[in-house]
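Encoded as C-alpha cells, the structure appears first; notes follow it.
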Amino acid sequence: MEANEKKQAAPPYVAYKTLSNFLDRFKQGVPGRIDRGLMGSMSGAAQSQVTTALRYLGMISDKGIPQPLLQRYVSGQEDERRIALLEALTNSYPFLFGDHFDLARATAQQ
C-alpha cells in the first residue's frame, strides 16, 4: 500500500430494524455518550454491530460521543429522519452513489 493510500474500513452490517429500534429510544433526548451500557437487552454481537454502524455512519465519534447527525435523526419527524439517513449513507458509502456503480449489476465483491 502506498503512503498516501488510506485503508478503508469495511462497511458494517446491522439489521436496519435493530438500529432503528435502538435510536428510537432517544427521541426524548440523546445521552452524552453511546456505549454498551445503553444496550443491555441486546446480544454482545448486536451491541458491536450497532456501535460499529453508528461510528461508520458518522453518528457517533470513536469515543461514542453523539454527533449532530445523530441528534437530527432521532429528533426529526419522518421526512427529517429520511434526509439525515440519506446524508449518513451518501457520506459513508460514496462508492454506491457514484456515477460508475450500477447497483442492479453489482457483484458481491463490489
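- Put simply, OG on Ser75 and CD on Gln28 are 11.0 Å apart, with the number rounded to the nearest 0.5 Å.
- Atom-to-atom distance recorded for Gln47:CD and Ser41:OG is 8.5 Å, nearest 0.5 angstrom.
- With sequence neighbours excluded, no residue forms a side-chain contact (heavy atoms from CB on, under 4.5 Å) with Ile83.
- In terms of modelled atom types and a separation under 3.5 Å, the side chain of Thr18 and the main chain of Val14 share no donor-acceptor contact.
- Residues Val50 and Met39 meet the side-chain proximity criterion, which asks for heavy atoms closer than 4.5 Å.
- Residue Ala53 comes nearest to Pro12 through the heavy atom pair CA-CG, 3.6 Å, listed as atom of the first residue, atom of the second, then distance.
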Just list the side-chain donor-acceptor pairs under 3.5 Å for residues 58-71, sequence neighbours left out, or say none.
| from | atom 1 | to | atom 2 | distance (Å) |
| --- | --- | --- | --- | --- |
| Ser61 | OG | Lys63 | N | 3.2 |
| Ser61 | OG | Gly64 | N | 3.4 |
| Ser61 | OG | Ile65 | N | 3.1 |
| Gln67 | NE2 | Ile65 | O | 2.9 |

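- Minimum interatomic distance between Arg81 and Ser20 (heavy atoms only, all atoms of both residues): NH2-OG, 4.3 Å.
- Under the 4.5 Å side-chain criterion, counting only non-hydrogen atoms from C-beta, Ser48 is in contact with Arg36.
- Under the side chain to side chain contact (heavy atoms under 4.5 Å, CB included) test applied with Lys27, the options Leu23, Asp24, Val30 reduce to a single match, Asp24.
- With a 4.5 Å cut-off on side-chain heavy atoms, Glu87 and Arg72 count as touching.
- With a 4.5 Å cut-off on side-chain heavy atoms, Pro31 and Ile34 count as touching.
- Summarising the geometry, atom OH belonging to Tyr73 is positioned 10.0 Å from atom CG belonging to Leu54; distances are rounded to the nearest 0.5 Å.
- Counting heavy atoms from C-beta on, the side chains of Tyr16 and Leu85 come closer than 4.5 Å.
- A centroid separation of less than 6.0 Å is found between the aromatic rings of Tyr56 and Tyr93.
- Leu57 has its side chain within reach of Leu89: a pair of non-hydrogen atoms, C-beta onward, lies under 4.5 Å apart.
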